[in-house]
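Not measured: the values here are computed from a predicted model. Naming convention: chains lettered A, B, ... in sequence-line order (proteins, then strands); numbering from 1 in each chain.
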2 protein chains.
Amino acid sequence: MATQKKSTEDRRNEITEAVLGIVQEHGQKGLSIAAVARRIGLVPSAIYRHYRNKDAMIEGVLDFVARRLADNLATEEGTCSSQTERLHNALERHLVMVRQNRGLLRIVFSDDVFGGTERRRTLLGGIVQRYLRAVADIVAAGQKSGEFREDIDPSATAALFLGLVQPLAVLWHLSDGKTDITRMAEKNWKVFLRGIESAGTSGTEGTY
Amino acid sequence: MATQKKSTEDRRNEITEAVLGIVQEHGQKGLSIAAVARRIGLVPSAIYRHYRNKDAMIEGVLDFVARRLADNLATEEGTCSSQTERLHNALERHLVMVRQNRGLLRIVFSDDVFGGTERRRTLLGGIVQRYLRAVADIVAAGQKSGEFREDIDPSATAALFLGLVQPLAVLWHLSDGKTDITRMAEKNWKVFLRGIESAGTSGTEGTY
DNA sequence: ACACCAAGTGAATGCGTCGTCACATAATAC
DNA sequence: GTATTATGTGACGACGCATTCACTTGGTGT
């Protein structure tokens, strides 16, 4: 009845938030236009004022994810002394993101975006590729600066970097947040670092 | 009409296969009882002769996955000279599995099993945990035999091992099978190995 | 040859879904 | 204050879905 009207921009944000929340709590199965509407105090048909259809709504969420991922890597160049540190920062941020946004993993892997239309998969593929590319760039920079070995492949290494987090995210999710992924990530980071840093650098040797 | 009758055991296998195929081609969204039935030349209601309901049907698929994963690690103890080799074998098998069974990743991450009921998530969690445990055991064995460093944590390392494959699987899927994940996996394996093997062992140093 | 039962059939039910449309109303511009 | 327009409403249609049930049919053991 006396529902206050808001701008489409605001509503879109509310909707994205609602989608993530719902997927987090009830999975993609619980993700219906009706559920989204209910969660932000609207009537189902109102959603269509802000998104053409359900697909468009989900693309909105994808955009959000893309922005977050990009932010994770956008460490201000000046403040970081080494590429190693930049990577490590990115790792930490990634973990925080996973932990804060439980719905994220589910929606990314949800059939809607992961297995959806060709178009959708390409979209997500682009996001992932861009992220990996950015990581690869950092690795390459590290090679130039002498921090990292010359004989590693930047893009493969980027994938491995992602592998530092991904299984943990899955694990964390499946254990209902009970696994201490931060600690495990830190341990694996050491292994990872040892694998990529150039021979002379022995920063982590004595840490244990 | 003149549909030949088969034993439930046979039908269950057919159904599992059909489910994987459908999910591979059309995603979980395309996975309906009707679709499964059509694919194996039956009528929808016939499925219920072999599975109580859709959930049970999907559990059948999960069982299949669990068996495959277990097989990947069950390298006959005798034939393997080192734990390193065992791990490497498991890695290769895992990759083959990913490549052969495109639907697998999608169904595992599909909402049905990944975000389904508590029960379902626990089931999947158990499978993953068991796999990780098995890997961790190999790592621990490697530590005892002196192949691997003492200061790495077996279970964390197991997660990282999974991380060798997981991002690649995702990448592979998103690129429609165009990424050469075998090569990337091999490169990352070297990095991984360098990170975990004990100081003296320099098996991979000169490989490049 | 026959009886029994597991496997297959087809129709029907009930539910939840997306999306549309004519109408109502709050906010804004003038 | 009034006109305009973007936002919100409620009813509705069409569809696909999982599941049930009474019935039929093919295969197997005897």
Side-chain angles (χ1 to χ4, degrees), chain A residues 1-19 21-23 25-62 107 110-113 115-117 119-120, chain B residues 1-19 21-23 25-62 107 110-113 115-117 119-120:
Chain A
M1 295 287 197
T3 315
Q4 87 172 294
K5 298 189 176 179
K6 296 186 183 175
S7 72
T8 283
E9 197 188 331
D10 287 349
R11 283 299 190 205
R12 285 197 170 185
N13 288 335
E14 287 187 17
I15 291 174
T16 296
E17 204 176 328
V19 169
I22 289 171
V23 171
E25 289 166 25
H26 311 290
Q28 141 174 335
K29 205 170 264 176
L31 180 60
S32 66
I33 297 285
V36 173
R38 201 175 322 121
R39 190 174 255 246
I40 59 181
L42 285 186
V43 106
S45 55
I47 302 295
Y48 292 87
R49 294 285 171 215
H50 311 294
Y51 283 112
R52 201 165 18 79
N53 53 27
K54 199 183 178 184
D55 264 23
M57 183 178 82
I58 291 170
E59 267 176 34
V61 178
L62 267 192
I107 195 122
S110 90
D111 188 65
D112 267 333
V113 326
T117 45
R119 178 165 187 284
R120 186 69 56 72
Chain B
M1 313 273 181
T3 316
Q4 86 173 293
K5 297 190 176 178
K6 295 185 182 176
S7 72
T8 282
E9 197 189 333
D10 287 350
R11 284 297 190 206
R12 285 198 172 186
N13 287 336
E14 288 186 18
I15 291 174
T16 296
E17 205 176 328
V19 169
I22 290 170
V23 171
E25 290 165 24
H26 311 290
Q28 141 175 335
K29 204 170 267 178
L31 180 60
S32 65
I33 297 283
V36 173
R38 204 176 318 124
R39 191 174 254 245
I40 61 181
L42 285 185
V43 106
S45 54
I47 302 295
Y48 290 85
R49 293 285 169 216
H50 312 295
Y51 284 113
R52 200 166 15 82
N53 54 27
K54 198 184 179 184
D55 264 23
M57 183 180 81
I58 290 170
E59 266 176 34
V61 179
L62 266 193
I107 195 125
S110 89
D111 189 65
D112 266 334
V113 327
T117 45
R119 177 166 187 285
R120 186 69 56 71

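- Note on A:Ser32: every side-chain N or O is 4.0 Å or more away from OP1 and OP2 of C:dG16.
- Rounded to an integer number of Å, the gap from A:Lys5 NZ to D:dT4 P is 16 Å.
- In this structure, B:Lys54 reaches the D:dA18 phosphate: one of its side-chain N or O atoms is under 4.0 Å from OP1 or OP2.
- Here B:His50 reaches the OP1 or OP2 of C:dG8: one of its side-chain N or O atoms lies under 4.0 Å away.
- Distance, A:Asp55 CG to C:dG19 P: 7 Å, rounded to whole Å.
- The phosphate of C:dG8 (OP1 or OP2) has a side-chain N or O of B:Arg11 nearer than 4.0 angstrom.
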Between the protein and nucleotides 11-14 of chain C, are there any N/O to N/O pairs under 3.5 Å, and if so, what are the atom names and distances?
none

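- We find that CG of A:Asp10 is positioned 13 Å from P of C:dA27, with the value rounded to whole Å.
- Looking at which nucleotide of DNA chain C each of A:Lys29 and A:Arg52 is closest to, the 5′-most match is held by A:Lys29.
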Practice item. Apply the test side chain to side chain contact (heavy atoms under 4.5 Å, CB included) to residues B:Arg12 and B:Glu9: give CA-CA distance (whole Å), side-chain angles for both, the deciding distance (0.1 Å), then the verdict. Key: CA-CA 5 Å; B:Arg12 285 198 172 186; B:Glu9 197 189 333; 5.8 Å; no

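- In this structure, B:Lys6 places its NZ atom 18 Å from C1' of D:dT28, rounding to the nearest Å.
- Rounded to whole Å, atom C1' of D:dC15 lies 16 Å from atom CD1 of A:Ile33.
- The heavy-atom pair separating B:Thr8 from B:Arg49 by the smallest distance is OG1-O, 4.2 Å.
- In this structure, A:Asn53 atom CG and C:dC21 atom C1' are separated by 17 Å, rounded to whole Å.
- Rounded to whole angstrom, the span from the CZ atom of B:Arg49 across to the P atom of D:dT24 amounts to 14 Å.
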